[in-house]
**Student:** 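Encoded as structure tokens, here's the structure I'll be asking about.
Quick note: numbers below take in every heavy atom, side chains included, and nothing from hydrogens, waters or symmetry partners. In this text, all values refer to a predicted model and were calculated from it rather than measured experimentally.
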Amino acid sequence: MSTTPSGAGDRLVRVGAIVFFIGALATLVTVAPLFLGTDPFPSFAYAVCMLMGVGFLIAAAGVVRSVWAASPKRNAAR
């Protein structure tokens with residue numbers, strides 16, 4: 001078990017990963033009827049697929065926040 005404290009953007013990265021995987025799952029479910037020859041889902045289902053991009057942006061913001069918090073200039077000012 002790790003005793004290191006969580007970084008500044010760790011929570012954002014975790015939330016971003018969860019949102020990304022929800023969007024990825026929605027993408028797989030939405031694309032499946034196209035391969036199976038059934039009726040496609042309504043356009044709302046395709047909008048849920050945009051969560052992949054939103055999750056990526058949230059995770060990227062967490063990475064940027066972690067890097068910004070650990071920057072040498074910021075640590076020297078403390």
Side-chain angles (χ1 to χ4, degrees):
M1 186 165 174
S2 176
T3 59
T4 59
S6 294
D10 286 352
R11 184 171 292 157
L12 280 175
V13 172
R14 286 187 195 123
V15 169
I18 291 169
V19 172
F20 179 87
F21 285 120
I22 290 170
L25 180 64
T27 301
L28 291 175
V29 169
T30 305
V31 173
L34 301 174
F35 291 114
L36 298 174
T38 60
D39 291 333
F41 287 108
S43 58
F44 175 74
Y46 291 97
V48 175
C49 296
M50 298 297 172
L51 288 177
M52 260 174 57
V54 172
F56 182 78
L57 289 175
I58 293 171
V63 170
V64 168
R65 184 174 178 193
S66 292
V67 168
W68 181 72
S71 68
K73 288 182 193 176
R74 185 149 171 80
N75 289 334
R78 289 183 187 176

**Student:** So which atom in Gly62 and which in Leu12 form the shortest heavy-atom distance, rounded to 0.1 Å?
**Tutor:** CA-CB, 3.5 Å
**Student:** Just wondering, more than 12 heavy atoms not from Phe21 lying within 6.0 Å of its CZ?
**Tutor:** no
**Student:** What closest approach, in Å, do Phe20 and Phe56 show between heavy atoms, and which atom pair accounts for it?
**Tutor:** CD1-N, 4.3 Å
**Student:** Can you check whether Gly9's main-chain N or O pairs, donor with acceptor, with Ser66's side chain at less than 3.5 Å?
**Tutor:** yes
**Student:** How long is the straight-line distance from CG of Leu25 back to OG1 of Thr30, given to the nearest 0.5 Å?
**Tutor:** 9.0 Å
**Student:** What's the shortest heavy-atom distance between Tyr46 and Phe41, and which atoms?
**Tutor:** CE1-O, 3.5 Å
**Student:** At what distance, to the nearest 0.5 angstrom, does CG of Asp39 lie from CG of Leu34?
**Tutor:** 10.5 Å
**Student:** Compare every heavy atom of Ala26 with every heavy atom of Val48, then report the nearest pair and how far apart it is.
**Tutor:** CG1-CB, 3.6 Å
**Student:** Do Val31 and Phe44 belong together in a cluster built from hydrophobic side chains that touch within less than 4.5 Å?
**Tutor:** no
**Student:** Could you give the distance from CG (Leu51) to CD1 (Ile18), rounded to the nearest 0.5 Å?
**Tutor:** 12.5 Å
